[in-house]
Number of protein chains: 2
Amino acid sequence: MTSHDVASAAGVSQATVARTFSSPDLVAPATKLRVEEAAALRAYIPNAMARTLKSQRSRIIGVVVPSQGEYYQHVLTELTRQLSAAGQQLLMFTFSGADDIDGVITSVLSYQVDGVMLASSAISIQQTQRIVSSEVHVVSFNQPAAAGLSPSVVPDNAAGMRKLAEYLVATGHRSVVFVGGVATAPTDKLRHQSATRTLDEHGVSSRYIEVGAHPYAAGLDAAAHLVSKGRLPDAVMGASDEIALGVIDGLRGAGLSVPDDVSVTGFDGIPQAEWGAYDLTTYSQPVAEMVRHTVDLLAQDTLGSDEVVVRGTFRQGKTVSKRERIADA
Amino acid sequence: MTSHDVASAAGVSQATVARTFSSPDLVAPATKLRVEEAAALRAYIPNAMARTLKSQRSRIIGVVVPSQGEYYQHVLTELTRQLSAAGQQLLMFTFSGADDIDGVITSVLSYQVDGVMLASSAISIQQTQRIVSSEVHVVSFNQPAAAGLSPSVVPDNAAGMRKLAEYLVATGHRSVVFVGGVATAPTDKLRHQSATRTLDEHGVSSRYIEVGAHPYAAGLDAAAHLVSKGRLPDAVMGASDEIALGVIDGLRGAGLSVPDDVSVTGFDGIPQAEWGAYDLTTYSQPVAEMVRHTVDLLAQDTLGSDEVVVRGTFRQGKTVSKRERIADA
DNA sequence: CTGAAAGCGCTAACAA
DNA sequence: TTGTTAGCGCTTTCAG
């Protein structure tokens, strides 16, 4: 069923049919009605591929995300919602560790996407450059843009971690372990540095440990590691909520109490962090707002390389408790 | 950058460039090499939209899922992985409650998808019929096919729920509340019926309650409802894991112990069910296997309307405990 | 093995 | 306001 078929049925030209669907205002009301009837009767739907080929706009946004982790699933839900409200579709590309990212990028580009949301630090500068060179709009999500090649939308990692660290200091914690995801990831690095610096400033000692790529499992492993070594900190800061939840389950599984024996904080504000079993103290990213900025940026004619930093909110849960000291310093 | 540009650079015809990428075997090795070099130099990537228009195959699978719930996120991750291994892409469409599903279907079809995975019971028979009529392959996932219109891939809901109910009976439970999601959904109905029937057969009383559409919140509400009424059952069966997790958090939040005061079971086997804080007793769907069947069905030339029932596995967690009775009957 | 040519279904000048 | 026309970039006969 093509616009030609509908045209002959309605006794108009193919162009008129096309116009009724793409710019209805240019068609006389009576004609429009006749065309719409003929189209409805035949279940005609304009071919988006042909439209793309001619108009050079696909209304498709490509999304490249790691295949693991709760955080991005949360983001994808919101992104699909907002894109579809803006008449755009989401073409999804995931990859894990060893996957061929160059192949993924080739595939994204072959579909003539109107824009790409990049949500992984595993993508190199060269790879980002490939997309930018092909004149496709790119926005980095939840990570600083590679070498100022593209705009990015990020939470205020440093401010958030500082806030959490200060909270731990204020509640009397004196030794902290920071559990990271992948140290080479800029986001992880930023969060870690901010936490460490803040703790340092207040004379609180901190250590860094890192275990594996799957966040929840990494948290579990980190907890097991801490327990086995015997020297427990009085607080653990997770680089993300999912890591923190793993840490909590690991510690509790070993018979320890969170927060009585060890306090735990997260970062992101995923839905699970609010679940009753955890009620995690964390710093919530305003995902809806971040997605809105992303969608807006992608829709712009010309793209700068600004970094949009979106302020999150401190969430006081029940995974941090006051430490009372007999004598301090 | 088009195949024409590459062609003139390599001194061959446009057709030869096209062949080098779509059917390399038909091109002489030497020519192929020259073309590939010219293409690489110019970062040429074949236009998938043009290919689709001509060949009538987009290599895109449309996926229609509800925007809420952990279960489908889990499925989507697996689906993207398997599709991309098969050289196909996933175009995502979500909707929530009041959204215009007909519009969503129109949109899916406009993109000339090679197939559609339908994963929601909110889609009517007429709507499924629309897709089938347009000769696009449809597979219903995790729900019986609408009126035998399409094949479907489902877990053995009845067998799974029977197993769970029998387990509750065997561990001495005498009063059970089943918490449903949306009673009109075929999947929910099947699960509820199977549970109730099994309990009946063993003389165990059961009630049914249903609260809201968001699964976790529904579970919380159900727990609050039960606690406020004062008459607690000795077990709660959730229609899904996410509902069950909400129930657990609700009960525990009210100061009750799961499983000591009330046992809880789920259904699905989502990752969170295994998290240490819950360790839910449930029936796990073999999602990877179900997705594999779906991808296979979608790839078939002709589609029947078979229902593929995939056997899941009982997962013994720590949310059900033995009930000891002083005297029974 | 390679080239010429037609056309997939649509948009966008341009003419009428 | 509507029709005519020329492609968008590719696949696919059909010749050579």
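So that the names make sense, note that chain A is the first sequence line, chain B the second, and so on, each numbered from 1.
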Could you tell me how the ring of B/F93 sits relative to the ring of B/Y111: parallel (under 30°), tilted (30 to 60°) or perpendicular (over 60°)? tilted

What is the distance, rounded to the nearest whole Å, between atom [atom1] of [X] and atom [atom2] of [N]?
X	N	atom1	atom2	value
B/K54	C/dC8	NZ	P	7 Å
A/N47	C/dG7	CG	C1'	14 Å
B/R34	C/dG3	CZ	C1'	14 Å
A/F21	C/dG9	CZ	C1'	13 Å
A/M1	C/dC10	CE	C1'	16 Å
B/L53	C/dT11	CG	C1'	12 Å
A/L26	C/dT11	CG	P	12 Å
A/Q56	C/dA12	CD	P	10 Å

Closest-nucleotide ordering on DNA chain D, the 5'-leading residue of A/T31 and B/S3: A/T31

Quick check: on DNA chain D, is the nucleotide nearest B/M49 upstream (toward 5') of the one nearest B/S23, or the reverse? Name the residue that is more 5'. B/M49

Thinking salt bridges, do B/D25 and B/R19 make one under a 4.0 Å N-O criterion?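 Not counted as a salt bridge, because no side-chain N and carboxylate O are separated by less than 4.0 Å.
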
For B/S55 and B/G11, find the nucleotide of DNA chain C closest to each by heavy atoms; which residue's nucleotide sits nearer the 5' end? B/G11

5' priority, DNA chain C, between A/S22 and B/P29 [closest heavy atom]: B/P29

Scan A/Q14 against the nucleic acid and name what it touches under 4.0 Å (heavy atoms): base, sugar-phosphate only, or nothing.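 The residue A/Q14 makes base contact.
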
Does A/A15 reach a base, just sugar-phosphate, or nothing at all? Heavy atoms under 4.0 Å. base

Does A/F141 have its ring centroid less than 6.0 Å away from the ring centroid of A/Y72?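 They do not qualify: ring centres at least 6.0 Å apart.
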
Under 4.0 Å between a side-chain N/O of B/T2 and OP1 or OP2 of D/dG9, yes or no?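 Answer is no, no contact under 4.0 Å.
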
Are A/Y44 and C/dC10 close enough that a side-chain N or O sits under 4.0 Å from OP1 or OP2?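 So the side chain of A/Y44 is within the cut-off, an N or O lying under 4.0 Å from OP1 or OP2 of C/dC10.
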
Nearest to the side chain of B/R19, heavy atoms from C-beta on, is which of D/dT11, D/dG9, D/dT13?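 Looking only at side-chain atoms, B/R19 lies closest to D/dT13.
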
Any side-chain heavy atom of A/P155 sitting closer than 4.5 Å to one from A/M290? yes

Minimum heavy-atom separation for B/V6 and B/A38, please, with both atom names. CG1-CB, 4.1 Å

